[in-house]
Amino acid sequence: MMSTSRKRTLDDDLYDESPKHLRGGGGGGYGDDGDDLFNDDDLFEDNLVDHDGPPEPADDVEEDIAFGDITDAHRSRWTRPAVPSSVWKTSENDLNLQWLDIDMIGGSPLAANPNKNKKVLGASSGTVPIIRLYGVNETGNSVAVFIHGFTAYGYFALPRGYEVDGSDGNLGKIRSILEENLRAKLGSQFDKGDNTSNGETPMACLGVTCLSNKQSIMGYDPSHTKFLKVYVAMPGMIPKLKTIMEEGITLPGITNANGQEVRESMIFQPYECNVPYVMRYMIDRDVTGASWLSLPKGTYHLRKNESEKGTHCQIEADICFNEIIPRKPEGEWAKVAPLRILSFDIECQGRKGYFPEAEHDPVIQIANSLSVYGESKGPIVQNVFTLGGCLPIVGAQVISSNTEEDMLLKWRTFLHASDADIFTGYNVQNFDIPYLLDRAAALWKKKDSKLRIFTQWGRVKNCQTRKRETMFQSSAYGRRTNTETTIEGRVIFDMLPYMQRNHKLSSYSLNSVCAEFLSQQKEDVHHSIISDLQNGSDADRHRLAVYCLKDAILPQRLMDKLSVLINYVEMARVTGVPVSFLISRGQQIKVFSMILRKCRDVNLLVPTLKKSGSGGDEGYEGATVLDPIKSYYEIPIATLDFASLYPSIMQAYNLCYSTMLSPQEAAKTDPSMFKRSENGHNFVHSNVKKGILPIILEELLAARKRAKKDMKNAPTEFEKAVQNGRQLALKVSANSVYGFTGAGVGQLPCVPIASSVTSYGRFLLEKTKSYVEEHYTQAHGYEHNAQVVYGDTDSVMVKFGTKTVADTFPLAIEAAKKCSDLFPNPIELEFEKVYYPYLLMNKKRYAGLMWTQIEKYDYMDTKGLETVRRDNCALVREVIQTSLDKIIIERNVPGAIEYVKSQIADLLQNKMDISRLVITKSLNKGAEYALGLGGKAEDYKVKQAHVELAARMRKRDPGSAPQMGDRVPYVIITAAKGAANFEKAEDPIYVLENNIPIDSKWYLTNQLSNPLTRIFEPIIDNVEKSLLQGDHTRKIFIPTPTAKKGSLMMFAHKKATCMGCKASIGVDEGNLCKYCLPKEAEIYLGKLAVLKEAELRYAHLWSEAQRIHGTLHTDIMCTGDGCACQFYRRKKVQADIRLAQEQVDRFGR
DNA sequence: CGGAACACCTAA
DNA sequence: TGAGTTAGGTGTTCCG
Ligand SMILES: Nc1ccn([C@H]2C[C@H](O)[C@@H](COP(=O)(O)OP(=O)(O)OP(=O)(O)O)O2)c(=O)n1
């Protein structure tokens, strides 16, 4: 880097009269308060020479190893469009990009501002933070922007009434003291980073200003209105500075409320010290996630020589932070750039019966699908890198290698050339990526340059991709690996966690997810035969490659079909956070980001609170759930529902940190200025001071409204569902604003706000109920007295007494309007739907035929019942669902009874497909101890079936056993009388393989009985007798208890036959009779062939999810078409394999 | 044997 | 600075 000729002095002249105005040297000086600090006309000699012309051709440096079979034809398909020559005319053209990823590094200060009339802000020596932002321009070129001069800082409040001498001299003294303290805390860390090449001594604390135009967000009349703003050299120093300030320090020139100088140590409350540096930049410069940015002509420099460039991006710019123009995502800037998405999948050659381990097992294929956002013609490249030859695949490039090393390196070349913005796949984060990295480490020596080259997946030159394992101290059983990987400049967007987060499914295997959303199954290759295919012919490997390719294509299709990208882009723009935060973080960061942005607009500051030490802060009261009048209603029940209840409460009553009054303050305040909430907290009206949270909610709800409109206009059912997901996500974000205030462990908890919201909610619900019941009465001229039969949080279910849907609608519409009129804006009660008929079973449990229009019902809506719970087996879900359908839709109670009886008979006679008996439950905290993954014994208090099973499976095969967070599938098997439930659970696969009998009686008494009783109870007499004890329960098939494990094996020993001619032979005689013995080899090979063939047949029927252990099993048994015959076919083939295997095994003895 | 405690999942 | 909230039903285990 070039060094500057500028000279900056740091200690003097930090301030002029206006205290917030920082000038010259030390400070940051950025548009904190809207003014640029270096706005005097200093001109600098310009060290940078901009020639407006294209760069020299990039000679591909050390990075790429040439492979003859990667041709120019390949490359031209892979690479991004060429950079238009206009881009290089930096003084004539703006550079526009949509950014996706952002990070930060320490580096040297920029020597000179490319905008020749301006200085570079920030520190001019030492290590400074540089923000790297990665994105794509309209043409589809990759762009990296190095953003310079933005300095990290924090605020520190003076206690109420205190003043600080804001003279340059005094603030300079404060800076020196802080400098000293910081250095003491930093120790040698800081000195090492010294860069004194320009003769200046780098500082830790760059400057101090004092501000009186800002105030704390906490309260209507906050105690903190005066702040020191302290700039530091590197973001990492902020926590240390914060510690110094909150532990107490003596600073000069500070006077207390009585005007006396404070000479002893004082504590300063930190503000906004918990804002990550890159977010600090985004907030201060109004840069929102995934938005468009413009680098105005003449303000930026493009790095043209390869030697000058730090990344592999096509375009690389340097600019000062305050030059970039953020574009509001409206009009032309609402678009999405042609982003490149790379979806990939690897196959490994595991040893039989073991989960692949990178230490030993090679990667044999890597399939890729590269697509461009907005490109309607589908993926632009599909290819497979194979180890060993492979027949051509139509529509895909096949690139074969003789060694695994070559294959990996070729793939790396592809990675580099295709230069994707987004990396996707299925479980790539926890399997493919760590596996490739581990494998590389196993293949190459640490110093091997090939290792270094291979692991460069990111956009930053010479930057190796490393995984960080959030390792858990695992004692006996080994690795619980939650891997995190950063690939500089690219966003890793794994579709598996996305699905787990956004869709409630009982299996998340790629196969079942695709069946659900793409109506598409993939070709199945069971992992046990991958090895055989790999060792086979080019045609075998072709089959594997096709399968592998499909696994690479499907995640990308999923992403496309579910509009994942555009929805995340919208969310990033609305909430302001980078897309990567949406993937890896929760709701808090979104709300926090929005709060900080809005606060900045109105000069409020957010305190950095200490973690509430003692942990268990008391909870608060939530919503009311009205006692249900349980019944089967055969007349219409109308549902009235508040629209976005909690958000609208916060808006209507102006609930916010910044509007709250303490009881003492309230006593001194004009009562017309504020309102006391239902539970005794006081908030001023919005005309006095508008709260931050209501403003945020307004925007979120506006975005939700747009989503709802799009949902209404969606052309297809599927698109409607996608828009519904988007709408729901925005609703959750809005509700999370409320949740944020009540979050015990959070950045800014404020229970008074949260509890005020819920208390208003309780009040509104009660009010609505009583209004409806008091107004819609015969006394008021209505035909019936209305009754609220149920209500939960924000809804009332009203029985108006009307007999038809058509008669109910007008009453419900009117009631909704009249209630809305009772409440302040924007609180609104909506008439949403009528249930007719309506089965109300309990709080949070009901079903009903839903009508949103008079002409026709929509569908049967079910809440909380077994049918919507994933911890029930399919049998229960289906039986209950069908019964409800028959009762509620068909109104055919006898039919329902018949159906149930036949199902019970089937169950008891063991005719039930085992897949319908599989129960799945997720493995949560507390199970850690049982699995031997650490955790404390006292956290595992109650033994559970699925946990005990998972622990046993772990002992059988740690590699394929369920992991924490996975759903564990199990069935209940027969066991000794009185055995506890948790002892009777078994892995369905194990049950199948070993022919273990299922306890079908248990399914009747413990799974079906209660739910059925509850449903039929209000409808028929004596459920016990007629459903659960009839003749249909007499014929019980008791499976032979002898059919225990290894039965075939034992059989073979007792009564052996010659495997060649089936003649009887003695048990100890070996496998063949004396006549067949000479042909031993031939017979063995013949048996081996039978085994192979059986395996192939089996694999063909076997749906698999190689990497998602926990959900593997349900898939095997459930094809989605629910065909029992498929199941039996599989079972038969499975038995064939076992027989064949055992025959082969006999030769081994 | 009965009820408290716990675990899971869902409604809102 | 990792983590929005509370209410509630249901089934199982644990403990006296
Ligand atoms: N995930 C959720 C869902 C709901 N709620 C709270 C806040 C909501 O305002 C209230 C009512 O929930 P609804 O599900 O009825 O949703 P809304 O009323 O917010 O939206 P809608 O307009 O869809 O009714 O419950 C919540 O805190 N978190």
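Chain naming here is simple, since letters A, B, ... match the order of the sequence lines and numbering starts at 1 in each. When reading the values below, keep in mind they use all heavy atoms of this one structure, side chains included, and skip hydrogens, waters and symmetry mates.
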| said: For a quick test of reading the model: is some side-chain N or O of A:R967 closer than 4.0 Å to OP1 or OP2 of B:dC9? | reply: yes
Atom CZ of A:F592 and atom P of C:dA3 are separated, to the nearest Å, by 11 Å
With the side chain defined as heavy atoms from C-beta on, A:K843 is closest, among C:dT1, C:dG9, C:dC14, to C:dG9
| message | Using OP1 and OP2 only, check whether a side-chain N or O of A:R845 sits under 4.0 Å from C:dG8. | response | no
The nucleotide from C:dA3, B:dA12, C:dT1 with an atom nearest the side chain of A:V745 is C:dA3
Taking C:dT1, B:dA12, C:dT13 as options, the one with an atom nearest any side-chain atom of A:N981 is C:dT13
* Near-ring test A:Y838/A:Y632, centroid separation under 6.0 angstrom -> no
Any side-chain N or O of A:N842 under 4.0 Å from OP1/OP2 of C:dG8?
no
A:S820 side chain to A:L829 main-chain N or O, any donor-acceptor pair under 3.5 Å? yes
| request: Could you tell me whether A:K921 contacts a base, only the sugar-phosphate backbone, or nothing, with contacts defined as non-hydrogen atoms closer than 4.0 Å? | output: sugar-phosphate
State, without any angle test, whether A:R967 and A:Y508 hold a side-chain donor-acceptor pair at a distance under 3.5 Å. no
Check: A:Y846 ring centroid to A:Y835 ring centroid under 6.0 Å: yes
- Message: Does C:dG4 have OP1 or OP2 under 4.0 Å away from a side-chain N or O of A:R585?
- Response: no
Item checked: is_close_aromatic(A:Y568, A:Y498), centroid dist under 6.0 Å -> yes
When we call it a touch if two heavy atoms are under 4.0 Å apart, what does A:R1014 touch: a base, just sugar-phosphate, or nothing? sugar-phosphate
5'-most contact on DNA chain C (nearest-nucleotide basis), A:G742 vs A:G746, goes to A:G746
Out of C:dG4, C:dT12, C:dA7, minimum distance to the side chain of A:Q587 belongs to C:dG4
Taken to the nearest whole Å, CG/A:L949 to C1'/B:dC8 is 17 Å
Of the listed B:dC9, C:dT1, C:dG11, the closest approach to the A:N924 side chain comes from B:dC9
Between OH of A:Y790 and C1' of C:dG8 the distance, given in whole Å, is 9 Å
B:dA12 and C:dG4, which share atom name P, separated by this distance in whole Å: 22 Å
Residues pairing under ring pair (Phe, Tyr, Trp, His ring centres under 6.0 Å) where one sits in residues 917-948 of chain A, two or more places apart or in two chains, turn out to be none
Whole-Å distance, A:L865 CG to B:dA11 C1', equals 12 Å
Hits for side chain to side chain contact (heavy atoms under 4.5 Å, CB included) against A:T852, two or more places apart or cross-chain, chain-then-number order -> A:K833, A:M850, A:D858
I'd like a table of atom pairs between the protein and nucleotides 1-6 of chain B - only N or O on both sides, under 3.5 Å - with the distance next to each one.
none

Taken to the nearest whole Å, OH/A:Y970 to P/B:dC8 is 10 Å
Considering only heavy side-chain atoms of A:Y738, the closest of C:dC14, C:dG11, C:dG4 is C:dG4
Query raised in the report: Can a side chain N or O of A:R869 be found less than 4.0 Å away from OP1 or OP2 on C:dT10?
Result: no
Using a 4.0 Å heavy-atom cut-off across all strands, classify A:A754 as base, sugar-phosphate, or nothing. nothing
Mind checking A:V737 for me? I need base, sugar-phosphate or nothing, with any heavy atom below 4.0 Å counting as a touch. nothing
Is the gap between the ring centers of A:Y653 and A:F683 under 6.0 Å? no
message = Would the distance check show the side chain of A:T608 and the main-chain N or O of A:C273 forming a donor-acceptor pair, the cut-off being under 3.5 Å?
response = yes
Between A:V625 and A:Q747, whichever has its closest DNA chain C nucleotide further toward 5' is A:Q747
Inset, instruction - Decide if the gap between the ring center of A:Y738 and the ring center of A:Y646 is smaller than 6.0 angstrom. - result: yes
Per atom distances to the A:T608 side chain, the nearest of B:dA7, C:dT1, B:dA12 is C:dT1
Discussion item. Check the phosphate of B:dA12 against A:Y846, side-chain N and O only, distance under 4.0 Å to OP1 or OP2. Yes or no?
Written reply: yes
note: A:N735, atom CG; C:dT5, atom P; distance rounded to Å ~ 13 Å
| How would you label the contact of A:P239 with the nucleic acid (heavy atoms, under 4.0 Å): base, sugar-phosphate, or nothing? | sugar-phosphate
Query raised in the report: How would you label the contact of A:K590 with the nucleic acid (heavy atoms, under 4.0 Å): base, sugar-phosphate, or nothing?
Result: nothing
Winner on side-chain proximity to A:S922, out of B:dA11, B:dC8, C:dG4, is B:dC8
*May I ask you to say what A:Y646 touches in the nucleic acid, namely base, sugar-phosphate or nothing, with a heavy-atom cut-off under 4.0 Å?*
nothing
Rounded to whole Å, CZ of A:R762 lies from P of C:dA7 at a distance of 8 Å
Backbone N or O of A:G622 within a donor-acceptor pair of the A:R762 side chain at under 3.5 Å? yes
Side-chain atoms of A:N1010 come closest, of C:dG2, C:dT12, C:dG11, to C:dG11
Which is true for A:L609 with a 4.0 Å heavy-atom rule: it touches a base, it touches only sugar-phosphate, or it touches nothing? base
Separation of B:dA11 atom P from A:Y835 atom OH, nearest Å, is 11 Å
>> Classify A:G739 by what it touches in the nucleic acid, base, sugar-phosphate, or nothing, heavy-atom distance under 4.0 Å.
In response: base
Q. What nucleic acid atoms does A:E621 come within less than 4.0 Å of, heavy atoms only: base, sugar-phosphate, or nothing?
A. sugar-phosphate
Regarding the side chain of A:H946, the nearest nucleotide among B:dC8, C:dT5, B:dT10 is B:dC8
Under 4.0 Å, counting only non-hydrogen atoms across every strand here, what does A:T793 touch: a base, just sugar-phosphate, or nothing? sugar-phosphate
